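For reference, the structure is listed below as structure tokens.
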Amino acid sequence: MTSAPNPPGPGTRLLADQLALGDPLTVLTARHPPGDRLHRLARALCQTAGELDTAYGRVQQAGRELRALRGRLVGDPEEIDALREEISSSAGELEVMLERCDVLDTALIRLLGIYQDVVPAPGAKPRAASAAS
């Protein structure tokens, strides 16, 4: 029995939704190979989306671990004190991971805006250059 593939993370989903691409990481890589003027921007988009997906997965895992730790808060008072310390430490790590997600999300949105300014959407008319007065 094979398990279903993991759904794309929030970075990949954002690119897929905003660029109307089924597999944005593959399409952007193919559309902007090395030597293309937009290669570095496309690579930055893909890398940032991948990093956001990974960071988000780590946050989800940390949340599951915290729930598991909280569920063990019964029993020996000495063990409970140790668990409280572990929960507190894990909560601090979770805060740092969430901040990282926020930074990556902001960076991805900015990169995506730049890309959308430079690359017209499929079927869109090219922007006319403004006439100098």
Side-chain angles (χ1 to χ4, degrees):
M1 182 172 139
T2 60
S3 61
N6 290 335
T12 301
R13 282 195 314 269
L14 178 66
L15 291 182
D17 292 345
Q18 293 298 309
L19 300 176
L21 300 173
D23 182 359
L25 305 181
T26 301
V27 173
L28 286 170
T29 300
R31 194 179 280 174
H32 304 292
D36 183 273
R37 69 182 185 87
L38 296 176
H39 172 72
R40 287 177 41 209
L41 178 57
R43 188 178 69 207
L45 275 167
C46 293
Q47 182 176 353
T48 305
E51 288 178 15
L52 179 57
D53 293 349
T54 299
Y56 184 76
R58 288 182 181 146
V59 165
Q60 288 179 311
Q61 180 61 35
R64 287 189 289 272
E65 290 171 5
L66 276 171
R67 267 194 305 279
L69 286 172
R70 187 188 67 189
R72 293 176 30 209
L73 281 175
V74 277
D76 182 24
E78 287 181 21
E79 184 179 321
I80 289 173
D81 287 342
L83 279 171
R84 284 186 176 141
E85 284 298 317
E86 192 174 347
I87 289 171
S88 180
S89 174
S90 294
E93 291 173 18
L94 182 59
E95 286 180 51
V96 170
M97 286 187 248
L98 287 167
E99 288 172 9
R100 175 81 175 137
C101 285
D102 187 47
V103 167
L104 288 166
D105 185 59
T106 299
L108 184 58
I109 289 169
R110 288 181 178 161
L111 287 167
L112 182 57
I114 293 166
Y115 185 82
Q116 289 174 319
D117 284 345
V118 175
V119 178
K125 295 180 181 177
R127 295 181 184 173
S130 51
S133 299

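All figures in this text were calculated on a predicted structure; none of them were measured in a lab.
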| remark: Smallest heavy-atom separation, Leu66 atom then Ser90 atom, equals CD2-CB, 3.5 Å
| query | Is there side-chain contact between Thr12 and Pro24, with at least one heavy-atom pair below 4.5 Å? | reply | yes
| Under 4.5 Å between side-chain heavy atoms, hopping through other hydrophobics if needed: is there a path connecting Val118 to Ile109? | yes
| field | Interatomic spacing from CZ in Arg58 to CD in Glu93 - rounded to 0.5 Å | value | 12.0 Å
| message | Can you tell me how far apart NE2 (His32) and CG (Leu41) are? Round to the nearest 0.5 Å. | response | 7.5 Å
| request: Is it possible for you to say whether Leu14 and Val103 belong to one hydrophobic cluster, with membership spreading through side-chain heavy-atom contacts below 4.5 Å? | output: no
| message | Whether the side chain of Thr106 engages the backbone of Asp102 through a donor-acceptor N/O pair (distance < 3.5 Å, no angle test) should be reported. | response | yes
| task | Would you name the heavy atoms of His39 and Gly35 that are closest together and state the gap between them? | result | CB-N, 4.4 Å
| query | Which atoms form the tightest heavy-atom contact between Leu108 and Leu52, and what is the distance? | reply | CD2-CD2, 4.1 Å
| Do side-chain atoms of Ser88 reach the backbone of Arg84 as a donor and acceptor pair under 3.5 angstrom? | no
| Hey, what do you get for CD (Gln47) to CZ (Arg40), rounding to the nearest 0.5 Å? | 12.5 Å
| task | Provide the closest heavy-atom pair for Ala62 versus Met97 in the form atom of the first, atom of the second, distance. | result | CB-CE, 3.7 Å
| query | To the nearest 0.5 Å, what is the distance between CD1 (Ile87) and CD1 (Ile80)? | reply | 10.0 Å
| said: If you compare all heavy atoms of Ala49 against all heavy atoms of Leu25, which two are closest, and at what distance to 0.1 Å? | reply: CB-CD2, 4.2 Å
| Does the side chain of Arg31 reach to within under 4.5 Å of the side chain of Leu21, using non-hydrogen atoms? | yes
| query | Would you say the side-chain atoms of Arg64 and Gln61 include a donor-acceptor pair closer than 3.5 Å? | reply | yes
| query | Would you say Leu111 and Tyr56 are hydrophobically clustered, going by side-chain heavy atoms of ILVMFWY under 4.5 Å? | reply | no
| task | Would you check if Leu19 and Gln116 make a side-chain contact, meaning some heavy-atom pair closer than 4.5 Å? | result | yes
| For Tyr115, does the OH atom sit with more than 12 other heavy atoms under 6.0 Å from it, leaving out its own atoms? | yes
| message | How long is the straight-line distance from CG of Leu112 back to CG of Asp105, given to the nearest 0.5 Å? | response | 10.5 Å
| query | Where do Gly9 and Asp53 come nearest, in terms of heavy atoms and distance? | reply | C-OD1, 3.0 Å
